[in-house]
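Here is the structure we will look at.
We're numbering straight along the sequence, starting at 1. Note that ligands are numbered from 1 as they come in the structure, with each ligand's atoms numbered from 1 the same way.
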Amino acid sequence: MVSGKTINLGVIGWPIAHSLSPAMQTAAIRAAGVDYSYIAMPVRPDALQGAVDGLRSLGFRGFNVTIPHKTAVIGLLDEIDEDARRIGAVNTVVNQDGRLLGRNTDVAGFLLGLSRQGVEARGRRAVILGAGGAARAVLWGLLREGASGVTVAARNVVKAKDALTDFSKDVEIISWDDSIFARALQSADILVNTTPLGMTPNLDAAPPVDWACVRPEAFVYDIIYTPARTRFLREAETRGHRVQSGAAMLVGQGAEAFRLWTGIRPDERAMETALLDALRASAEEE
Ligand code: NAP
């Protein structure tokens, strides 16, 4: 029950009605048996500063930040950590005695999806498909964990190089239409799709991977979470690859945010069950 002692958490975004975070975080709160509440707050882009100041004044313990505020919020915070700085986006804010600290928990979420399958990035070669916002978190996570080489392959290499210019010393950026793409696939230990190809409702789409080039022992990760098994992952499974879907990353980023706000490691299984229930409910609505 919410009372005067309840500690407030939430998520800001625009639109926000379809956010899955309230379901996941409420499940974590219930499983931990703590007196917190978590709500979704619609915040128009022109109201961001007022909303952030308001949440600080209202003593919210923290909040998640989603589209379209992840970059714009940075200038309104007192401090951001290295993950948020390297990714250029904040998805979690912690209110520490009135000081707002910006974090990015997508890295922790992505890495959870690897560790759950017993995969270590250290010393491994990775190929990332796509060069958007999520690719930055995946790329930084792999570099931070000591991957021995990372190649980013995208449909538009000029745009990809531009988007990842601050990583240009650390990664190779190529067009997936170029013949060197096959070479990159041949040496990959980890292959990650960060494009929306194959996401609901475009279930027949998939990135242009020639599976004959991918070593059987390569680990294949799709960060898409609707559907749970994309065409890309189904093709990988058919060829005997170990795979991971995006639900693990989504749960992992939420679990890390919960830990930062409460100091408690949450029940990730409870969060994942709530996430899958919420996804089923929203699929039935459509
Ligand atoms: P984004 O910033 O728009 O980037 C998308 C990337 O995919 C860009 O490189 C884009 O290339 C490429 N792309 C888009 N449509 C394409 C197409 N039809 N063919 C080839 N390439 C295409 O999006 P994002 O925020 O990175 O999100 C990407 C995906 O990750 C989404 O499916 C999202 O749901 C998922 N995601 C999952 C999690 C999780 O926790 N599991 C977290 C974040 C995102 P151009 O620049 O050429 O358009």
Side-chain angles (χ1 to χ4, degrees), residues 11 13 18-21 23-25 64-72 83-84 87-92 103-114 116-117 127-142 150-165 167 171 173-178 181 191-209 220-233 243-258 268 271-272 274-276 278-279 282-283:
V11 55
H18 290 100
S19 171
L20 298 161
S21 294
M24 276 198 301
Q25 296 295 349
N64 284 126
V65 181
T66 187
I67 293 166
H69 303 315
K70 286 182 172 195
T71 301
D83 287 348
I87 298 165
V90 160
N91 76 338
T92 301
R103 315 288 288 255
N104 193 309
T105 65
D106 282 337
V107 171
F110 170 69
L111 295 174
L112 178 82
L114 290 183
R116 268 198 189 173
Q117 303 288 341
V127 171
I128 299 172
L129 306 170
R136 292 183 66 85
V138 169
L139 172 55
W140 171 238
L142 290 166
V150 183
T151 298
V152 172
R155 63 175 169 183
N156 181 336
V157 71
V158 174
K159 196 172 170 193
K161 282 186 175 166
D162 196 42
L164 300 177
T165 178
F167 285 107
V171 290
I173 301 171
I174 61 173
S175 161
W176 63 35
D177 294 324
D178 198 305
F181 182 43
L191 174 61
V192 190
N193 175 41
T194 73
T195 76
L197 286 164
M199 189 166 79
T200 307
N202 300 315
L203 301 177
D204 290 337
V209 167
V220 180
Y221 195 153
D222 195 335
I223 69 163
I224 290 173
Y225 48 86
T226 53
R229 283 283 184 272
T230 55
R231 180 178 149 197
F232 177 68
L233 280 196
V243 301
Q244 178 61 276
S245 93
M249 177 169 171
L250 193 60
V251 168
Q253 62 77 28
E256 178 64 4
F258 185 88
E268 284 163 14
M271 295 178 82
E272 187 154 354
L275 168 68
L276 298 178
L279 285 172
S282 81

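- Within a 4.0 Å radius of atom 3 (O) of ligand 1, the protein has no heavy atom.
- Using a 30° and 60° split on the angle between ring planes, Phe167 and Trp140 fall in the tilted class, from 30° to 60°.
- Of the protein's heavy atoms, Ile223 CD1, 3.3 Å lies nearest to atom 30 (O) of ligand 1.
- With sequence neighbours left out, the salt bridge (Lys or Arg N to Asp or Glu O under 4.0 Å) criterion links Arg229 to Glu237.
- Against a heavy-atom cut-off of under 4.0 Å, Ile224 is close to the following atoms of ligand 1: 32 (O).
- Taking a cut-off of under 4.0 Å to the non-hydrogen atoms of Lys159, the atoms of ligand 1 that pass are 45 (P), 46 (O), 48 (O).
- Listed by number with element, the atoms of ligand 1 under 4.0 angstrom from any heavy atom of Thr194 are 28 (C), 29 (C), 30 (O).
- Between Gly246 and ligand 1, an N or O atom pair is found at a separation short of 3.5 Å.
- Within the structure, ligand 1 has Leu197 among the residues with a heavy atom less than 4.0 angstrom away.
- For ligand 1, the atoms lying closer than 4.0 Å to a non-hydrogen atom of Thr195 are 7 (O).
- Between Ala131 and ligand 1, at least one pair of N/O atoms sits closer than 3.5 Å.
- Taking only non-hydrogen atoms, the option from Gln253, Met249, Met199 nearest to atom 33 (C) of ligand 1 is Met199.
- For Phe110, no heavy-atom contact with ligand 1 is shorter than 4.0 Å.
- Residue, atom and distance of the protein heavy atom nearest to atom 44 (C) of ligand 1 are Ala134 CB, 3.6 Å.
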Contacts under 3.5 angstrom, residues 153-162 side chains, donor-acceptor by atom type, not counting sequence neighbours:
unit_1 : atom_1 : unit_2 : atom_2 : d
Asn156 : OD1    : Val158 : N      : 3.2
Asn156 : OD1    : Lys159 : N      : 3.0

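- Geometrically, ligand 1 and Tyr225 share no nitrogen or oxygen pair separated by less than 3.5 Å.
- Scanning Arg155, Arg136, Lys70 for the heavy atom closest to atom 16 (C) of ligand 1 points to Arg155.
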